[in-house]
Amino acid sequence: MIKYILGVVFLSISLSGCQGLTKKGESTTESETEITQANSTAPEIINENLGGSDTDAESPIDNVPAVTNQSSPQDVQAENDAETQHKVAVTPPEPKAPVDIWERIRAGYKLNLDVDQPRLRSQLRWYSSHPNYLTRVSKRGERYLYFIVEELEKANMPLEIALLPIVESGFDPFGYSHGRASGPWQFIPSTGQIYGLDQNWWYDGRRDITLSTKAAIAYLTKLGRMFDGNWLHALASYNSGEGTVMRAIRKNKKAGKPTDFWSLDLPKETRAYVPKLLALAKIIKDPAKYSYTTHFIVNKPYFEQVNIGGQIDLAQAANMADISIDEIYLLNPAFNQWATAPNGPHKLLVPISKAKNFRTKLASISPKDRVTWVRYTVKAGDNLLGVAKSHNTTVDVLQDVNKISSSLIRVGQQLMIPVAGNKIESYTLSSHQRLLTKQSTSPSRSRIKLNYTVQAGDSLWKIAKQYNTSSKTLARWNSMGLGDPLRPGKKLVVWVKSDKATNTNGRKSIIKKVVYTLRSGDSLARVANKFNVSLSNIRKWNPNVSKKKYVQPGDKVTLLVNVVGG
């Protein structure tokens, strides 16, 4: 009875402030790790990882090994046996805790997996034929699964839901979809705000491991109640919005049709979404049946939360915790920049084995030594925004630190500015560095990168059309959502196809990118003739230059030149 009362209180607290939600969002929830259609004989069943194109693709985060626990399944079992034997002398033996987190997850299953549906069989075929993908996402989830399982158990929810981040994001905490969904649980901005996940230049709570997990559980709990415990309806609603599912149910009722999930007329993506989770659950329940061996994850907490009391450089925090800076970002992916957010949250997750020493070192330094400071003297032509951008910070931070009430600064004025203690390139998983990595990664060997500067009046659709691609693809190349603002001056990359067709003389073309600086007397037509390319292509490749009435010496143009010739 006491457990029941405590459970009700917990759920009430989780759901407070969520009453205004009516729909998760018009755009569908998607992830950055892409999965392609496995069964071409069932065209209505999509198995693309909601938001990209690279099938079963590895991510840079896969090269960051988890901090080793030094425990094998046998070590943990021996430890549990020793604890049990110790307890036998004073109390009756207690049931042994599962050694492997997967055992614990299986024990908490509550959904009906005894289902035979074409869509489910399709997903089973895909996952069972991609064991490397399953192992890869399991390793990504190694840092987070224990916490997720703990929170789900507190909420008395089916532990199959612990697998939902695989469907949503492939356990990539930096996953970002063209529908603007972000984080392991793929919250869109508006739903994230409803559930208290703040989003600003420094911090995106949708990627906060602990807060986003609690928000997802609160939202799913609400949906479970809304659909009277029908978890398939609730999960479908998590993907496409409860309004979509309710309309489909009403439509079937009116037509005298069944209203179970499998009978509903739902969006294509949602029709695949629930079967994905059920397929994963079936494979984890009986991996041997699908010729799969699960990656061992010890059933013990991986991280511990440390209150840091103020802003800290993440490179310094990593050094103090004796871990890599990438590990700090993977445990604290909500922090976008080189440091934690000045206004909080003032907490860091660190591997549990490193927490004690980290606290000791943290207590030994003063708050002013947690970030590096530079003194900057304002020059003619400076403005506060420009100074902030050049130092990888914000106007708000400069105003707060320097007690400036407006954006006006004067020549000769001195500003104290917090800056990254290491080279900015070393913060490899910061928002800016992830974008540069994404923009530098060619989608295929047959494409060449062009740089594009956004002009007034541009849109993703307009730019995509100009380069004969889609808005969704252009957004993916630049880690953007389709609804993200496109401000003049923003730098985009476009990957254009390289012409590898055979020439009339039988020799193959080899296309190289050449950046040419116009000289005195040059015109675009003269450059086209010089490099044996068409004037229309030069204009297409260089829209920023071709829009000018006159080109000038010093202007740079990008050319795709056949270096073989003929």
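This is a predicted model, so every value here is computed, not measured.
I325 and S426 get closest at one heavy-atom pair: CG2-O, 3.6 Å. Shown here for S138 and Y292, the closest heavy-atom pair between the two residues is OG-OH, 4.1 Å. Heavy atoms only, all atoms of each residue included: S240 and V245 are closest at OG-CG2, 4.1 Å.
In this structure, the side chains of L348 and Q305 stay at 4.5 Å or more apart for every pair of heavy atoms. W477 is listed as a side-chain neighbour of P443, based on a closest heavy-atom distance under 4.5 Å. Residues E242 and F227 are in side-chain contact: their nearest non-hydrogen atoms beyond the backbone lie under 4.5 Å apart. Taking the side chain as every heavy atom from C-beta outward, L124 and Y290 approach each other to under 4.5 Å. Side-chain contact between I209 and P184 is present, with heavy atoms from C-beta onward closer than 4.5 Å. The closest side-chain heavy-atom distance from L211 to Y195 is not below 4.5 Å. Side-chain atoms of R180 and Y176, non-hydrogen and from C-beta on, do get closer than 4.5 Å to each other. Counting heavy atoms from C-beta on, the side chains of L145 and F171 come closer than 4.5 Å.
With values rounded to the nearest 0.5 angstrom, L163 atom CG is found 5.5 Å from I105 atom CD1. Of the inter-residue distances, the one linking L264 atom CG with T244 atom OG1 reads 11.5 Å to the nearest 0.5 angstrom. Atom CD of E160 and atom CG of N112 lie 10.0 Å apart (nearest 0.5 Å). Atom CG in L197 sits 6.0 Å away from atom CZ in F187 (nearest 0.5 Å). Atom CD in Q337 sits 10.5 Å away from atom CD in Q433 (nearest 0.5 Å).
Of the N and O atoms on the side chains of N336 and S430, not one donor lies less than 3.5 Å from an acceptor on the other residue. N332 and Y203 share no donor-acceptor pair across their side chains, judged by distance under 3.5 Å alone. For H295 and E142, the side-chain atoms include at least one donor-acceptor pair closer than 3.5 Å. In this model, no donor atom of one side chain and acceptor atom of the other lie less than 3.5 Å apart for T437 and S440. Between the side chains of T135 and N132, no donor-acceptor pair of N or O atoms lies under 3.5 Å. Side-chain polar atoms of Q123 and Y273 form no donor-acceptor pair below 3.5 angstrom. Residues N252 and T259 have side chains that never bring a donor and an acceptor to within less than 3.5 angstrom of each other.
More than 12 heavy atoms of other residues, nucleotides or ligands sit less than 6.0 Å from atom NZ of K449. By the neighbour-count criterion of 12 heavy atoms within 6.0 Å, atom NZ of K110 is densely surrounded, having more than that number from other residues, nucleotides or ligands. With a 6.0 Å radius and a threshold of 12 heavy atoms from other residues, nucleotides or ligands, N468 has its CG atom at or below the threshold.
D228 pairs by the salt bridge (charged side-chain N to carboxylate O under 4.0 Å, His left out) definition with nothing, not counting sequence neighbours. Partners of A464 according to the side-chain contact (heavy atoms from CB on, under 4.5 Å) rule, which considers only residues two or more places apart in sequence or in another chain, are T469, S471, L474. Every residue meeting the side-chain contact (heavy atoms from CB on, under 4.5 Å) condition with Q439, not counting sequence neighbours, appears here in chain and number order: L435, L436, N478, V493.
Judged by distance alone, with hydrogens and angles left aside, the side-chain atoms of S479 form no donor-acceptor pair with the main-chain N or O of A475 at under 3.5 Å. A donor-acceptor pair under 3.5 Å is formed between the side chain of R119 and the backbone N or O of R271. Remark: side-chain polar atoms of R207 are paired, donor with acceptor, to backbone N or O of P333 under 3.5 angstrom. Side chain of R447 to main chain of W495: a donor-acceptor pair is present (N/O by atom type, distance under 3.5 Å, no hydrogens or angles). Between the side chain of R434 and the backbone N or O of L429, at least one donor-acceptor pair lies under 3.5 Å. Checked by atom type and distance alone, the side chain of S129 pairs as donor or acceptor with a backbone atom of W126 at under 3.5 Å. A distance-only check finds a donor-acceptor pair linking the side chain of S177 to the backbone of A181 [under 3.5 Å]. Checked by atom type and distance alone, the side chain of W185 never pairs as donor or acceptor with a backbone atom of I217 at under 3.5 Å.
Ionic pairing of E103 and R106 is not present here: no N-O contact between side-chain nitrogen and carboxylate oxygen is shorter than 4.0 angstrom. Using a 4.0 Å cut-off between charged side-chain N and carboxylate O, R104 and E150 make a salt bridge. Looking at K276 and E269, no side-chain N of the basic residue comes within less than 4.0 Å of a carboxylate O on the acidic one, giving no salt bridge. Between K354 and E304 there is no salt bridge, since no side-chain N of the basic residue sits under 4.0 Å from a carboxylate O of the acidic one. Contact check on K347 versus D208 returns a salt bridge, with a Lys/Arg side-chain nitrogen under 4.0 Å from an Asp/Glu carboxylate oxygen. Salt-bridge annotation for K139 and D62: absent, with no side-chain N of the basic residue lying under 4.0 Å from a carboxylate O of the acidic one.
A centroid separation of 6.0 Å or more is found between the aromatic rings of Y302 and Y144. Centroid-to-centroid, the aromatic rings of Y329 and F335 stay 6.0 Å apart or farther.
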